[in-house]
Amino acid sequence: MKKGFLFYLISMLALSGVTLAQQLKLGDIDDGSRAERVHLIELFDERGQIIYPDDDPAVPFSMRQTCGDCHTYDLVSQGWHFNAVDPNVPPGRPGQPWILVENSLGMQVPLSYRDWPGTFNPEELGISTFEFTTRFGRQMPGGGPGEIPSEKFDEIMRAEVSGDLEINCFSCHSGHSGQDHAEYADLVRKQNFRWAPTGASELATVTGSAKEMPDMYDYLAPSGMADEPTVTYREHLFDNAYRVILDVGGKIESHQCYRCHSNRYVETDFSPVANADEDVHLHAGMTCVDCHTEDSAHHTIRGYEGEHKVSANPMAEASTCQGCHMGIEEQQHTTAGRFSGPVPDHKGIPPIHFDKLTCTACHSGLWPEEQTAGVLTSRAHALGTHESLRDDEALPGIITPVFVTGYDGRIEPANLVWPAYWALRQQDGITPITLEDVQDIAGPIIERMLDVPARGWPDFTEAVVEAVLEDFSQQFDDEPVYISNGRLYYLDDDVGIADTEDPAAKPYSWPVAHNVRPAAQSLGVRGCEDCHSAESPFNFGEVMVEGPVGEPRFVQMFDFQDVDPTYLQWFAWSWMFRNALKVVSISASLVLVGVLLLYALKALQSLSAAKTEK
Amino acid sequence: MFANIVVIVLVIVLAGVVAHWTLFAPKGGQLFDKQRNQLFDPLRYLILLVLLMLPEQKHNIIGILRKLAYILAFISAVVLGITGFWHPVARDSHVSGYLLMIHATFGPIFAACMAFLAVFWAERCKFNRQDCPAVKTVIDNCDYTVKKAAPNKTLWLWQKILFWAILALSPVVILSIVLTMFDLAGTHWQELLLSAHRYTSLAWIAGAIMHSYSIWLIKAREIAGD
C-alpha cells in the first residue's frame, strides 16, 4: 500500500514537474472511462496552422501541434520510447541496442544512448543524431534523437531541410489498416523526417526525397524540383469542418507493436514452429500493452523484475511475470492471477530454481538446441520494411538463445551479438575509431584487397587486418586494434598480427522474454535432464562466435554463466545417480518406519500384557 | 530466521553438553590413570573422545557392520550438517554448488546407515520396566515411590529416548527432501517440505549431539569405575 502510494506520489511529482508552467491538457489524465475515444479532429502543421486538404502547397501535419492540442507533447516525450537521449533517465536493465552494421568495413557495433555496458554512445563513433535518425529512425516512433539538432556543421542545413522527426503517435496508436510502417521507413531513409508521419498515415501520400534537395531548400516555398517532397491529402477523409477521424482511440493491438518488435528465427529445427506460433499470452487473448502498459507520461513498463525501483509507472511491479502469476510479495492485496493468469504449480521444481533462474529461462525464447540459432529482428534487420534483410545470413549476426547470467545475477535467455570495430588502445581502455575515419582510411584498403559481398561478412584475412592496422598506426598516436570474432587483433613485431582476449571483445547480450512458450514447452517439462545432463544445451550448448575474420568457431554456453564449468560437469554426471538416491532413501525410510511401527506395536503389546497380568 | 534458530539451538545444546561434561564427567585422573602426565595433550583427549563414542563391538560380522554403520552414519551426519546448514546460516540462501553435490552424495549413505542401525540397535534400545519407572508406575497403579535410578541407568534411559526420537525424525528428514524430487509438490509444498527438512534436520542434529554425548558419558563413567 505504501509502495503504491509512493509510486503515485512520484508519478504526480513527475507530472507536476512538467506542468508547473503549464496546465495538464484534456488527454493527459485518464478519466476512467474504458470506452473508446473518438478522435474527430483538425490537423495542424508545424506552425500550428490548420491543414486544409486542398492547400497549395500542402504541407505535412505536425504531431506536436495536432496531438499536442490535447496531449502535452513534452510529457509524452518523457516516455521510454523517446527518452534514451536524456542522461538523467536511469538506464535500467540493458536492452536491445541499435546495431551499426558496415559489412564492407568489418563493423558491427551495438549502439545506445542509454548507459548500457557493452554498448557505445553513437557520438563515440562520430555518429550524429541526424545520421542516427536516418539510419535507425525507420523503426523508431520518432522523438528522442530525431528532435536533437546535429552538432555537425554540414548537417545543420540538412536538418533544416528534413525537419525534425517528431514523435509519431501513429506508429504505435494508429489501428487504421492504411497506417503503413514500411512507407514510414522509406520516408525516414529519404530524410523526409517532417513528412514521415503524414506519408505513413492513411490521410495522405508523400512523394519525393528531402535527401535530394539542396541545403537551402524551403518546404514552404516549393520550387518544382524533381523529387521534391510533396504531400497529397485524401480529401474524402476530411469532413466539411476539415476534420478527420483518426483511428487512435482504441486499445493498441499487438500488430501495431510488431511494426518494430518482430523476430524471425533461422537455422534451427525448432524455428519453423517458433516462427509460426505467437507468444502464449497473445493466444490467450491478451495484447502486448496489457503487460507493457503506459501511463500518460508514456512510462512504458518493460516488464523485468526490479523495474519498479527505477520506473515511475506504478504498475511496474504488478506487470512482471511474477507480479501477474504469483503476486507481489508483502502487498496487502495480491496481484496474482491478473488477466486470468494461472498461478503456476511448478510441481517438482525445488525453489532454488527461482533464485538462480529468471522465469524466462524456462519459458521464453527459442527452445535451446545443440547449437545456437540466428535471429532477425525488426530493429536490427528492418523487418516489415521495403529494405528488410530477409536472408538467413543477414547482418548483424544475432545469436539466440544464449543462457547468460543477467542483470540481477540470475540466468536468463538472451540474444547476443559479437562486436566488430576498429579502435585505439590506450592506457585506460579501448576507444572506437569514428566511422568517418574508418571509411576514409580503412575503406579504400579493404576495397582494394577484397571482394566485399553486398550482404554478409567479407572474408577478412590477417593480411587485410594487418594492412588496415598498419595504416591506422600511421594516422594515430595510440595503438590501433581490431575487435572481432571475440578477440582483439593487434600488430606484433614478430608475427605481424596477433590476437588476444580482451574485455572489449566480449559480446553484448540482452534478455529475451518473448515468445513465451506454452507450459508444455517449458524447459524441464521432460524432466530435470532438460537442463541437468552433460548433453543439455542449457549449460553445454555451443554458442557461435562469428565475425569477418576466419571461420565461425564455437564456445560453450557456460562461458556466459557465472558458474564453474567443472562443477556443472560433475553436477550433470551426478544426475545419473539420482534415481539410485531416491530408491535408497525411500527404502531406508520404509525400513525406519517399519522398525518404529514394529517396536511401537511391541510396546503396546507389553503394556497390554502388563495390564492384563496385573 | 532459520539461521538464527540454528545458531540458538546449536549454541544451547553444545553449551549444555559442555556444562554437563564439566560438572558431571569423570575427572581426568580417573580416565587417564596411567597417562596422567599426558592428560592435557589435546590430540590424545580428542582421540579418547572419539573412542568413547564408538559402540561396543561383538566379534562377528554383524558387530563389525554395526560399528561400520555407526561410524558412517556419524560421518555422514557431520558432513550433511555442515553442507546443509552452511548456505542457509552463513549466506541466507538455499544449498547449492559443490556443497549440494556433497550433501546429495552423503544423503543416501546416511539413510542406509540409519536403516541398518535401526534394525540392529532397536532391540537393545527398547524400554523395559527398569528404564521406565514412570511407565511402571502407570502400569502398577499402586506404587508411586520411584526409586532413584543409578546415574548410568538414568543416562541409559535418556539414550534410549534420544535413540527413538532420532529414529522417528529420520524418515521425516529423508522423505521431506526426497519427495521434493518427484512431480508431486508445487512451489508452496516444496517450500513446506524444505522447511520440514530443515527443522527436522536441526532437531535430529540436536538429538544426535545429545545421544552421542550420552554414549561418551556412560563409557567415560564405566572407564572411571563410577
Original post:
How far apart are the closest heavy atoms of A:W367 and A:Q521, and which atoms are they?
Top reply: CZ3-O, 3.1 Å

**OP:** Go through the atoms of A:T566 and report whether side chain, backbone, both or neither lie under 4.5 Å from a heavy atom of chain B.
**Re:** both

Original post:
Relative to each other, are the rings of A:H532 and A:W575 parallel, tilted or perpendicular (30° and 60° limits)?
Top reply: parallel

**OP:** Against chain A, label B:A168 side chain, backbone, both or neither, depending on which of its atoms sit under 4.5 Å from a heavy atom there.
**Re:** both

Subject >> Toward chain A, the part of B:T180 with a non-hydrogen atom under 4.5 Å >> reply: backbone

Original post:
Relative to chain A, which of B:S93, B:S170, B:G97 shows the most heavy atom pairs under 4.5 Å?
Top reply: B:G97

Original post:
Between A:H281 and A:F339, does the ring centre distance come in under 6.0 Å?
Top reply: no

Original post:
What is the ring orientation for B:Y213 with B:W21, classed by angle as parallel under 30°, tilted 30 to 60°, or perpendicular over 60°?
Top reply: perpendicular

**OP:** Could you check which of A:V595, A:D564, A:L590, A:I352 has the highest count of heavy-atom pairs closer than 4.5 Å to chain B?
**Re:** A:I352

Original post:
Taking the six-membered ring for Trp, are B:F110 and B:F106 ring centroids under 6.0 Å apart?
Top reply: no

Original post:
Relative to chain A, which segment of B:V173 carries a heavy atom at a distance below 4.5 Å: side chain, backbone, both, or neither?
Top reply: neither

Subject >> Segment of B:L179 engaging chain A (4.5 angstrom heavy-atom cut-off) >> reply: neither

Subject >> Option that, when pairs with chain B are counted at under 4.5 Å, heavy atom only, ranks first among A:L592, A:V584, A:V591 >> reply: A:L592

Subject >> Parallel, tilted or perpendicular: rings of A:F403 and A:F538 (30°, 60°) >> reply: tilted

Original post:
So what's closer than 4.5 Å to chain B heavy atoms on A:I349: side chain, backbone, both or neither?
Top reply: backbone

**OP:** Give the intermediate values and the outcome of side chain to side chain contact (heavy atoms under 4.5 Å, CB included) for residues A:C359 and A:E305.
**Re:** CA-CA 10 Å; A:C359 305; A:E305 281 170 36; 3.9 Å; yes

Original post:
Does A:K602 make a cation-pi contact with A:Y599 (under 6.0 Å, within 45 degrees of the axis)?
Top reply: yes

Original post:
For B:F2, is the NZ or CZ atom of B:R198 found under 6.0 angstrom from the centre of its six-membered ring and inside 45 degrees of the ring axis?
Top reply: yes

Original post:
So which of B:A104, B:P108, B:A111 has the biggest tally of heavy-atom pairs under 4.5 Å with chain A?
Top reply: B:P108

Original post:
Side chain, backbone, both or neither: which part of B:V178 has an atom under 4.5 Å from a heavy atom of chain A?
Top reply: side chain

Original post:
Measuring heavy-atom distances to chain B, does A:F577 have an atom under 4.5 Å in its side chain, in its backbone, in both, or in neither?
Top reply: neither

Original post:
At a heavy-atom separation under 4.5 Å, does B:L184 approach chain A through its side chain, its backbone, both, or neither?
Top reply: backbone

Subject >> When B:S96, B:C113, B:G107 are compared by non-hydrogen pairs under 4.5 Å with chain A, the top option >> reply: B:S96

